Amino acid sequence: MAERGIDKQEEKKSYGSVFLIGIALLVVLTGWSFWDDNITRRPWKAMQARFYHLDYGKAKAAYDEENKKLQADAAYQELSKKLAAAQASLSGGALGQKLASLEKQESAATVRFNDIDQEVKNIKSELEEAWYEHDHAVQQKRNVKPYLERIKELDKEKEKLDPELEKARQKRELIKEEIKTIRNSAKEIEIELGKLAAERDKWVRVMENVTLKLGPFSFYKIPKIEQVSLDEFDRNNFDQPVARVDRCQTCHLAINRPGFEKEANPFKTHPKREIFLGDNAHPPGKFGCTGCHEGQGVAVNSAKHAHGEVHLWEFPLLRGAKSQSSCTSCHLDVQKFETEAPLLAQGQRLFEQIGCTGCHLVKGYENLPKIAPSLRKISAKVDPSWMVRWIENPHKFRPRARMPNFDLKQDDAVAIAAFLWSLAKEEGDKWAQEHPLPAGFREGNAGQVAKGKKLVETIGCKGCHGLAEGEFSTPLGKEKDLVPNLKDIASKTSAQWTYHWIRNPRGYSPDTNMPSLRLTDDEAMAMTNYLMTLGAKPEAMAGIEEKLADAKNIKRGETLVRRWGCYGCHEIKGLEKESRIGAELTTFGSKPKEELFFGNRTDIKETWDDWTYNKLKTPRIYATERIEQLMPQFNLADDDIKALRVLLGGFRERKVGQRYQADQGLRVQQVVDGRRIMQQYNCVGCHEIEKRGGFIRKYYKENPNLAPPVLNGQGEKVQSNWFFNFLKAPIPIRPWLEARMPTFGLSDEHANQLVSYFNGLAKVDIPYAYVDDKKIPQEHLEAARVLVSKDYFNCFSCHQQGERKPEGPVEGWAPDLALARQRLNPKWIIKWLQDPQKVEPGTKMPSFYPGGPDNILGGKDDRQIEALRDYLMSIGRGAPAAVTAEVAKAKPARR
Amino acid sequence: MNKFGFLFLSAALVTLPVRGMAAYEGGDVKDGGSISGAVKFKGSAPAPKKLDVSKDKEVCAKTSKTDPSLIVNGGNLVNAVVTITDIKKGKKIELKKVTLDQNGCEYKPHVLAFPAGTTVEILNPDGILHNVHSYSKVNSPFNQAQPKFKKTLNVKIEKPEAIELKCDVHGWMQGWLVATESPYFAVTDSSGNFKLTDVPAGSYTVEVWHEKLGKSSQKVTVKAKEEAKVTFEVAGK
């Protein structure tokens with residue numbers, strides 16, 4: 001009978017299989033969870049393992065190679081043998097025994113020293129106690145005598161022990177020293193060997209770096225996330241600084257390591273690593289990667305996520321040159337990075353100079369001058385039919401013109417011309433009446449034409465203007481000129497206007513950038529005559545005069561001018577204060593693609609990059625039936641569009657933390673402002689500045705000495721007060737040049753800004769120089785007088801000195817040394833005399849040093865150079881501070 | 001720079017010049033042949049142009065000067081440099097000091113050829129200031145003043161290159177230093193002839209270079225102990 005509550009049958013049932021299945025399931029699940037956690041969901045771990053493998057393999061190969069070299073190196077082999085011998089004698093033999101006994105002695109000596117030391121310490125603490133008792137007795141006014149006796153006793157004991165302690169210490173040191181000497185014989189060889197093998201052994205460290213040793217086994221290191229935290233890099237929506245976390249180097253492990261230049265990404269070394277990631281540039285430990293390249297820095301689980309190329313991530317990766325957009329976040333002066341960030345530099349030049357700011361407001365670019373000519377007196381300047389055709393499509397007349405094509409119908413062009421003409425007529429007519437052609441002008445006179453041609457080609461016009469098809473000086477972009485090409489100038493304007501314009505540009509247009517070349521009447525007439533042979537008078541449009549005078553046209557023209565925003569670039573009477581018609585672009589670079597209007601274009605990829613590229617390429621591409629677009633066609637080359645896009649990408653108003661910012665101090669601001677002025681007047685047309693420009697030099701390949709001077713380092717060379725005066729009223733410094741430094745009619749402000757610009761570039765801290773004649777040693781002057789003489793350096797063989805002119809053709813002359821006192825910086829003179837070629841590569845000035853004459857000032861080059869400087873600073877004494885433009889007008893005497 | 005960079009750079013520095021130098025190997029030449037001939041000038045020879053000595057006349061105008069940049073004598077071109085451009089092995093390069101004289105304000109010789117690595121001694125016996133301005137691109141350019149007290153000036157030309165020299169003090173002074181890769185070079189003499197000796201038997205490219213007329217070359221086969229005759233024809237421009 002069955003017992004109550006116990007089912008025997010049940011007891012006999014086996015659950016083994018259930019447990020087995022359960023355990024199996026548990027094992028599988030554990031395995032799966034491990035797999036999922038470490039492999040499926042952490043793909044970067046596999047990536048790191050791949051890198052360790054690569055790194056180890058490369059290091060091993062390099063190690064083997066170095067090792068092979070060492071094995072073949074006799075010196076290394078010999079040293080290794082020596083070391084082995086030394087080590088053998090240390091472990092056995094007489095030396096080994098001696099070492100062993102010395103070591104024993106050392107430990108005995110140490111024990112002895114420690115014993116005595118302990119005893120001394122005990123006495124010291126007893127002394128402390130005795131003194132305490134003594135002081136206590138003094139305070140309680142008890143008898144102190146017994147205490148003093150105790151102290152005396154202890155002092156005696158200590159005195160007895162002190163020399164013993166010193167003796168024990170010396171003994172121990174002696175033994176130690178002896179052991180060291182014996183051991184050193186081997187150690188020195190070891191160090192020598194280490195030096196020889198350094199090239200090899202550094203690879204051991206690389207291999208150790210990626211491996212983990214566990215007893216006899218070694219594994220690749222356990223992968224871990226490589227994270228950089230950029231504290232206070234960003235700002236949140238409440239304008240509080242927040243950190244940015246950047247884990248890019250979890251996969252890009254070799255980004256800052258040389259030797260991986262040829263690997264595929266992500267294991268590739270950063271291009272130009274030392275320039276971009278160097279310690280004084282952007283060490284990745286401080287700046288991370290996303291600071292320049294954007295992307296989703298925290299993501300590590302797929303390249304797509306990490307690169308931020310996913311839905312709703314606002315800042316996708318900026319690859320390669322596109323990362324130049326980010327420079328503006330921290331750098332105020334970006335044009336100095338002509339080689340490091342060429343697209344950005346070009347983009348900014350283009351943006352500032354092609355007129356973008358006429359229609360678009362951007363912070364930091366608000367105060368650029370209007371780039372196009374004033375239209376106040378346009379009726380006195382251009383042919384009316386030409387004007388209509390120009391407005392209709394400027395690129396037809398001049399494909400490389402900056403003025404964009406508004407794609408206007410002819411009626412509209414006529415209406416705009418009529419409005420502009422009506423505004424200008426009164427002032428234009430008055431100007432024309434007051435500026436008749438001079439009586440001596442003979443249109444088409446062959447002699448004048450020939451003379452004019454020579455002048456135009458040599459006097460410096462070509463520093464800015466092209467005169468034939470395809471000829472240009474300063475390129476604004478691949479397909480744009482900064483300054484008009486004059487090859488068809490006669491079909492645009494008249495001889496009368498041309499004559500007065502080149503004679504005195506500011507007489508017609510007070511704000512023009514066109515400078516005066518200080519032409520005489522004859523020169524201006526000849527040049528006008530030549531220019532009027534370039535191009536033919538255009539065919540007049542039927543009834544053009546009436547059309548321009550038609551009130552309906554004028555009224556409609558005003559509407560059109562307002563609609564197209566012509567006053568963004570041109571000065572138009574009555575419309576000077578109108579505001580820009582385009583959208584503000586200050587934060588354009590951070591616009592998410594969702595905010596960009598693609599119209600009905602489904603063929604264009606929906607990214608910021610594609611939108612912007614196509615907008616610049618075909619400005620009205622996104623127009624639809626209902627939505628009109630106004631931006632005109634600039635016809636920019638692809639490269640220029642990309643350059644502009646890089647600049648636009650940087651319009652983000654990002655507030656990067658102070659510690660990440662580059663220097664944006666006053667000096668940098670002065671360079672940026674001054675460079676704008678420099679570009680506005682196109683100084684680089686003739687002069688090389690900041691290693692760029694000097695475009696006119698291409699016409700002087702045969703004889704570069706006849707080209708305008710190179711101005712790299714000009715700030716360091718000349719004294720600021722002289723430079724300021726020179727810019728205001730240039731004088732000929734190099735009479736052998738046919739090209740003239742023009743008078744730009746610079747305002748004090750602009751001239752000052754230019755001086756500050758050059759000083760900023762050359763990092764000149766003290767722009768003034770004072771020569772104290774009393775402090776110039778007579779000995780220097782006497783020595784220098786000998787040095788400059790004919791028997792020595794014969795300086796005046798080439799250099800002019802005031803009225804004293806050198807022999808030979810003027811092309812062989814060198815600048816007037818009488819100007820040095822006011823013109824040159826004394827510190828620069830020293831540098832120049834030490835090595836002229838270093839200051840100005842290719843200069844005619846030869847090096848006189850090292851190798852000055854032995855018999856002057858003790859044959860010391862330095863002293864001779866100082867003497868020459870003192871001499872140069874003294875010879876111009878009393879010369880007038882600035883020479884007026886009138887002097888400059890006189891042509892130098894030519895042979 | 002960390003150690004990787006250093007290794008990379010030093011490796012680059014070590015391998016580059018070695019490769020350059022490996023181009024020519026000097027040794028003993030047994031039974032060498034020679035190449036000789038003349039460089040003919042095709043076209044009508046220009047009349048020698050007189051140079052205008054406009055400065056330091058008391059020293060420079062002692063002799064009248066003609067433009068040395070194109071001299072044709074009896075239909076042959078003077079001062080052309082003949083070299084074997086593709087020779088890899090041959091006679092030893094001997095680096096002897098060569099001299100360039102500025103006596104009377106002109107470079108003598110007008111074209112001076114020597115193997116790269118040679119030191120050129122430049123003389124100034126004129127007692128006035130000259131400057132020696134090199135327009136080199138491969139070698140580092142120099143512009144040395146040579147005042148009266150500096151009678152000699154030494155410059156070492158390290159790499160093969162034809163270098164134009166000018167004196168900025170005396171605009172008419174102009175000359176050439178031609179540093180060659182191999183010791184097989186010759187400047188055509190006053191009758192336009194040249195000779196290259198101790199050339200191992202073989203087939204070579206022989207090049208003629210002239211400052212005004214540029215380069216032209218032809219294949220020449222040299223047999224042991226024999227003289228190969230070559231005539232170049234260079235057209236005037």
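The sequence lines fix the lettering, A, B, ..., with proteins before strands; numbering per chain opens at 1. Values below: every heavy atom of this structure, side chains too, minus hydrogens, waters and symmetry copies. Everything numeric here is computed off the predicted structure, so don't read it as measured data.
For the pair B:N143/A:M845, no side-chain contact is recorded, criterion being any heavy-atom separation below 4.5 Å from C-beta on.
Residue B:E58 places its CD atom among more than 12 non-hydrogen atoms of other residues, nucleotides or ligands, all under 6.0 Å distant. Within a 6.0 Å sphere centred on NZ of A:K58, other residues, nucleotides and ligands contribute more than 12 heavy atoms. The environment of NZ in B:K151 is crowded: more than 12 heavy-atom neighbours from other residues, nucleotides or ligands sit within 6.0 Å. In A:K268, the NZ atom is not crowded: 12 or fewer heavy atoms of neighbouring residues, nucleotides or ligands sit closer than 6.0 Å. When the shell of 6.0 Å around NZ of B:K92 is examined, it contains 12 or fewer heavy atoms from other residues, nucleotides or ligands. Within a 6.0 Å sphere centred on NZ of B:K89, heavy atoms belonging to other residues, nucleotides or ligands number 12 at most. Environment of CD in A:E65: sparse, with no more than 12 heavy atoms of neighbouring residues, nucleotides or ligands closer than 6.0 Å. Within a 6.0 Å radius of NZ in A:K860, other residues, nucleotides and ligands contribute 12 heavy atoms or fewer.
Neither the backbone nor the side chain of A:D279 comes within contact range of chain B; no heavy atom of the residue lies under 4.5 Å from a heavy atom of that chain. With a 4.5 Å cut-off on non-hydrogen atoms, A:P850 touches chain B through its backbone but not through its side chain.
Contacts between residues 785-800 of chain A and chain B, defined by a heavy-atom separation under 4.5 Å, are made by A:K790, A:D791, A:Y792, A:F793, A:N794, A:S797, A:C798.
When each of A:P836, A:G812, A:P853 is scored by its heavy-atom pairs under 4.5 Å with chain B, the top score falls to A:P853. When the candidates A:T843, A:D854, A:N855 are compared by the number of heavy-atom contacts under 4.5 Å with chain B, A:T843 comes out ahead.
Here the closest heavy-atom approach between residue A:P846 and residue B:A145 is recorded as CB-N, 3.5 Å. Taking both residues in full, the closest heavy atoms of A:E807 and B:K55 are given as CB-CG, 3.5 Å, listed atom of the first, atom of the second, then distance.
Rounding to the nearest 0.5 Å places CD of A:Q837 at 5.0 Å from NE2 of B:H133.
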